[in-house]
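The chains referred to below are lettered A, B, ... by the order of the sequence lines, with proteins before strands, and numbering in each begins at 1. Quick note: numbers below take in every heavy atom, side chains included, and nothing from hydrogens, waters or symmetry partners.
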Protein chains: 2
Amino acid sequence: MTETTASDTMRGRGRPREFDMNEALDKALRVFSERGYHATSIGNLTDAMQLASGSVYKAFKDKRGVFLAAFDRYRTVRSGKLRAVIDTDKMGYERIRDALTLYADVSHGQTGKLGCLVVSCASELATFDPEVAKKVAAAMDSNEAVLRDLIGLGQNDGSVPAHVDGKATARLLLCLVQGMRVVGKTGRTREEMMAAVTVAMKTLT
Amino acid sequence: MTETTASDTMRGRGRPREFDMNEALDKALRVFSERGYHATSIGNLTDAMQLASGSVYKAFKDKRGVFLAAFDRYRTVRSGKLRAVIDTDKMGYERIRDALTLYADVSHGQTGKLGCLVVSCASELATFDPEVAKKVAAAMDSNEAVLRDLIGLGQNDGSVPAHVDGKATARLLLCLVQGMRVVGKTGRTREEMMAAVTVAMKTLT
DNA sequence: TAATATAGGGAAAGATCATTCCCTAAATCA
DNA sequence: TGATTTAGGGAATGATCTTTCCCTATATTA
């Protein structure tokens, strides 16, 4: 199920799957993101994924299984986008601004209204589902670590002062980006979000 | 229903209500906060509020009605706590730190795990319920305005430099506190949150 | 080509849940 | 005191949703 990159030469035994797993998960995570986990019915999922309910239960254990797979897919896609933005040859300071800009981009307008799967759904489940709680915590920690590394990079290349508290500042920026996702659900413009980002960059001086 | 402060001299016609409305709403909002709106059943509410389902439907139109009342109650309580912390004779800069400290207090440990009703439930409903969306946006705007006012106050008393962009900084701090609520659901210590607050105060220098 | 294995799909079953109904209880009003 | 009004409570209802079942379709393997 996780091995979706397998080439078509090593196919399984029976009838091959007709839909693309990643495409289906992209559609599913959109629905989960917009409606929340509990408000998403199997009907909503089958509509979006263009599958019959029986087919969904063939491909996944249950509704929670669809969510877990969609969550992993979401993390993969978003990590990729973040990596694409920060894996440059710019100075650490600028890379941090680029990272925060990415969050400003997804936290406004239509995309902002859609919200973040980690924020909306995961925190909806994390209280009573230890496995989801673990995944959410891992996602948070991962994001915090990326920010922490960028700050360290900036301190090495001289674009961020040595006196900056890397750990605490990374945590602050993590709260900022998660908060942008929440505030972005109530509708903000890109300019409003970017203004907040600009102010936040003062913590790196 | 909103007039819960009415004295017992001006009582209504029929049998008087046996439970305290605010106490019941405090219990209800705890459940909504912890489980989320859709995962909260009437059974969960009757258990917590110690009322029969029939009684709940006597006091409220429906489940959504309970939520709306609980949401208002939540806003009243939280606004009161915030007011109690910032309505002092301290300098603007210190009052802002006190406000952020309040959010650090509720965003860690047990209370942090409980989460924020505005963040968790409201954003869960805001997408498909315009009335809730309006309430959430109002709550955000209100918090942003409080922060904006405190910054202005600080600029008047000289504790915050005049060059600080009040609007943008207030928006940044709003994102920070909402983000603390999200991150706080995954478990952080008070010290970790306070370290982030300390860094955030650099934006006011 | 027959056997086996897996996918697609939709109807049916089984659970859960929000809401209503109806009866009883306790207050005010005439 | 009897009529009226509102609250408390729990069983019954009706709607909705998750999951299973079963049949068909399409692939590989022997």
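Regarding B:Arg17, its CZ atom lies at a distance of 13 Å from the P atom of D:dG9, rounded to whole Å. Summarising the geometry, the separation between CG on B:Asp62 and P on C:dT19 is reported as 5 Å, rounded to the nearest angstrom. Taking atom CZ on A:Phe19 and atom C1' on C:dA7, their separation rounds to 9 Å, with Å as the unit. Look at CZ on A:Phe60: it is 10 Å from P on C:dG8, rounded to the nearest Å.
A cation-pi arrangement is not found for B:Arg181 relative to B:Tyr103, the charged atom failing to lie both closer than 6.0 Å to the ring centre and inside a 45° cone about the ring normal. Figure legend: B:Lys63 and B:Phe32 shown without cation-pi pairing, the cationic atom not lying both under 6.0 angstrom from the six-membered ring centre and within 45 degrees of its axis.
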Using a cut-off of 4.0 Å between protein heavy atoms and nucleotide atoms, how would you tag nucleotides 21-30 of chain C 5' to 3' with B, S and -?
----BBBSS-
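Taking every heavy atom of both residues into account, B:Lys185 and B:Ser33 meet most closely at NZ-O, 4.2 Å.
Although no hydrogens or angles enter the test, the distance criterion places no donor-acceptor pair under 3.5 Å between the side chain of B:Thr186 and the main chain of A:Ala137.
Of the two residues contacting DNA chain D, namely B:Gln50 and A:Tyr37, the nearest-nucleotide position lying further toward the 5' end is that of B:Gln50.
Every residue two or more places apart in sequence or in another chain that forms a side chain to side chain contact (heavy atoms under 4.5 Å, CB included) with A:Gln155 is listed here: A:Ile151, A:Val160, A:Val164.
Listed by residue number, the members of residues 38-47 of chain B with any heavy atom below 4.0 angstrom from DNA chain D form an empty set.
Between B:Asn44 and B:Ser41, the side chains place a donor N or O and an acceptor N or O closer than 3.5 Å (distance only, hydrogens not considered).
For D:dG9, one of the phosphate oxygens OP1 or OP2 lies less than 4.0 angstrom from a side-chain nitrogen or oxygen of B:Ser55.
Salt bridge status for B:Asp149 with B:Arg83: absent, with no side-chain N to carboxylate O gap under 4.0 Å. A salt bridge links B:Glu131 with B:Arg64: the distance from a Lys NZ or Arg NE/NH1/NH2 to an Asp or Glu carboxylate oxygen falls below 4.0 Å.
Taking the side chain of A:Lys63 as heavy atoms from C-beta on, and the options C:dT19, D:dT19, C:dG10, the nearest nucleotide is D:dT19.
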